[in-house]
Every structure is written in structure tokens, then in C-alpha cells.
Protein chains: 2
Amino acid sequence: MADIKSSANPLFLREEELRQGIELLFYAYRDFTSDPDSILADYGLGRAHHRVLHFVGRNPKISVAELLGILRITKQSLSRVLTTLLEMGLVQQRQGTRDRRQRLLSLTEKGAELERRLSAVQQARVARAYREAGAEAVAGYRKVLQGLIDENEREKILQSIVRR
Amino acid sequence: MADIKSSANPLFLREEELRQGIELLFYAYRDFTSDPDSILADYGLGRAHHRVLHFVGRNPKISVAELLGILRITKQSLSRVLTTLLEMGLVQQRQGTRDRRQRLLSLTEKGAELERRLSAVQQARVARAYREAGAEAVAGYRKVLQGLIDENEREKILQSIVRR
DNA sequence: GACTTTATGTCAGCCATGTTGACATATATC
DNA sequence: GATATATGTCAACATGGCTGACATAAAGTC
């Protein structure tokens, strides 16, 4: 076991490198999510609401099922936050035309406004990091993050991100 | 407002780029945290326990205050998960020598074993992403993640990651 | 040596957000 | 007409954040 950690062993360096990549992701995500929280608190909303606002904003007329697929939570969990957002007039739903069982979700103007406020602070942080790191680094950042996504879903997700 | 979204406006591209960077981070983190969850479930543990195992593993003899600083949670929240880990014999505490009020935390052999299991799956995912993306991309990934961390804490965190 | 600050713990209760299971309804599809 | 699908709802529970209040032991200060 001590052998594995010996600095003569290339595996040690490799493991350290991976650990660093993991911790960086933890810290970056921790701070990245902290910005919108204070804004959300003013509305009595949480991160779950933010995620819904974000993905509904990005995907107007998204169905409940699609949204569930993105968020990977149960419909009961989604229902709770969605009900709040509907009651607050931040999200609106319309019956699907092709399939009238579907409830297609979109942001209201008020919802879009809040979403923009939330995006703004998050984008500011990302913009700063991009600026400091440079275009080449940004390409690498994206490449690695893509590789971290589950392989079987990656294609679908990338399309949903880049399309539009 | 419509002007801002016109494709003639360079800000549009920029905003799209930022949005993509944000969504990639969301998806990557979502999947990145999913791996250890099934292992943890076997022990009746959750992500909060994982975070403690990770940072105690990385920082043997860490004090409670230091750990609180990393995790950014309250002592009451930490207390809950820490008590469980102590009772399960995964973490041990020893009185500080310089300051006997401190309880310095370390993993037990059993705790280290579990931590390795959890690390392993997470490292496997990161290793795959690194391999696919290449060394240059990895450097960019790290650079951008560093830039996402709160500026006032960045130096301290980077030292704690790279040191050792 | 008394006083204050610090590191830590504990009890109690609240809230947000995830889960499962069971059942209901409307619509689409074969 | 029977079955499958999209969605909703009720109820109960678990995890992991939070605040507030109070306790204790040790360290540091005058």
C-alpha cells in the first residue's frame, strides 16, 4: 500500500491529479450555486425553484415529463415547486395541442424577469472565470465537463444545450 | 430587449456561451455526485457523510472548525453526520495537543476503506473524462474551475488542494 | 486569579427538498 | 372497447440544511 503512494509511482501523481479535479469541482459548484441563493431568499424560493425556472426558461413549452428527465427528481417533488411557481405567477402552463394531456410550461414575463436576475449573477461569475482563464481554457473546461456527463445521455444533453 | 438577442449582437453569442457553461456544470455535477450515492445507500449514509469522509480523509487531524469552514454548514448540521460516522467507527477523534479543546478528526481504517471505495468510482469518472479530453483540456478545466471559486477564499483553497 | 474569549457540543424545533406507494383522470393509441 | 400514457394528488417519511438557546472546558488576558 505504501508503494502505491511512493512518489516514484506514476499512479500517485495521477491519483493526486484526479483528487484535485474532484475538489475543484466541489468548491466551484459550491460557490457557483451560492450567488442566486440570496436573491431567491427574497422570494421565499430555493434552489429547486431556480432549477425549474432555468430549464423552463431555456425550453419554453417543455412538458412535465421532459423536465422530470432533466432534473432527475420524482413528479411529486417537482409538483411541489411547480405549484408554488404557478401560484406566484412565475410559470404558466398550456395544454398541448398535439397531445392535450401534456401541460406545456413556460415562464411568464414576471418569471422571465426573475430568471434573468438569477442568470445575471451566475453568468457574471462564469464570465469572470472565462475572462481570467482565456478562450483556450474555456474549450478545455467544456470538453472535460462533457466527459463527466453520463455517457448514455451525453449526446441528448449536448444537443439540448447547443441547439437553439 | 429584442436587440440584445439579435444574432448581429456579439453579446448574444457571449450570453449563449455562458449559459452553456452553466448548464454543462449542472449536468456534470449531477452525474458526478450520482456515482457514490448507491454505495453510500448500502451503509445508510448520504452525501453529507461522503463530504465529511472525503475532507477528513484528505486532511487527517482536521479540527471541527476547519471542517465547518470547508463545508460551509452549521455545527449542528455537521454534528449530526459526524456523530453517525463516529458511532459507525468510520471516523475517530483525538484531543488536540496544543489546544485540548479541539477534537482532531481522522478516518479509521474502516473509514479510509469506504472513502477509497467512494473515491474510486468518482475518480474513474474523472479519469475517463480527462483521458477523452486530453492534457491541455484538463489544464483549461482546472483554470476555469479555479476562477469560479470565490475570489477572497481562492488562494486558501488552492493551497489546501495542491499542498500535501 | 478572575474575566473573557474560543472551540465545541447539545437540545429542540423548523424548513426545503428529496423519496415511495397508492390511487385518480383524461387522453391517446391499438 | 381495452390498454397505455401523461399527469396529478394524497399521505407519509428521510435527509440535511437552518436558527436559537444554553452548556462546558480550555485558552488567553489583565
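Below, all heavy atoms of this structure are taken into account, side chains as well, without hydrogens, waters or symmetry copies. Throughout, protein chains are lettered first and strands after them, A, B, ... in sequence-line order, and every chain is numbered starting at 1.
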Residues from residues 71-85 of chain A lying under 4.0 Å of DNA chain C - heavy atoms: A:R72, A:I73, A:T74, A:Q76, A:S77, A:R80
Value in whole Å for how far the P atom of C:dT6 lies from CD of B:Q95: 20 Å
More than 12 heavy atoms from other groups under 6.0 Å of CD on B:E132: yes
Distance, rounded to the nearest Å, where B:R101 contributes CZ and C:dA7 contributes C1': 5 Å
Distance in angstrom units between A:D37 CG and D:dG17 C1', rounded: 11 Å
Distance, rounded to the nearest Å, where B:L68 contributes CG and C:dT10 contributes C1': 14 Å
Centroid separation A:F26 to B:F55 less than 6.0 Å: yes
Length of the line joining A:L45:CG and D:dC18:P, which is rounded to integer Å: 18 Å
Between P of C:dT17 and CZ of A:R47, the distance in whole Å: 9 Å
A:Y29: which of B:Y29, B:Y27, B:F32 passes ring-ring contact (aromatic ring centres under 6.0 Å, His included): B:Y29
Phosphate OP1/OP2 of C:dT17: any A:H49 side-chain N/O under 4.0 Å: yes
No-H, no-angle donor-acceptor pair, A:R103 side chain to D:dT7 base, under 3.5 Å: no
Heavy-atom donor-acceptor pair, A:R128 side chain to B:G147 backbone, under 3.5 Å: yes
Pairing of A:R58 and B:E16 as salt bridge, 4.0 angstrom limit: yes
Between C1' of C:dT8 and CG of B:L67, the distance in whole Å: 13 Å
Short side-chain N/O contact to C:dA28 OP1/OP2 from A:R100, under 4.0 Å: yes
Co-membership, hydrophobic cluster, residues A:V81 and A:L118, 4.5 Å side-chain: yes
Rounded interatomic separation in angstrom, taking CD from A:E66 and C1' from D:dT5: 15 Å
Criterion side-chain hydrogen bond (donor to acceptor under 3.5 Å, both in side chains) against B:S119, the qualifying member of B:R117, B:E115, B:Q122: B:E115
5' precedence on DNA chain C between B:V64 and A:D99 (nearest-nucleotide basis): B:V64
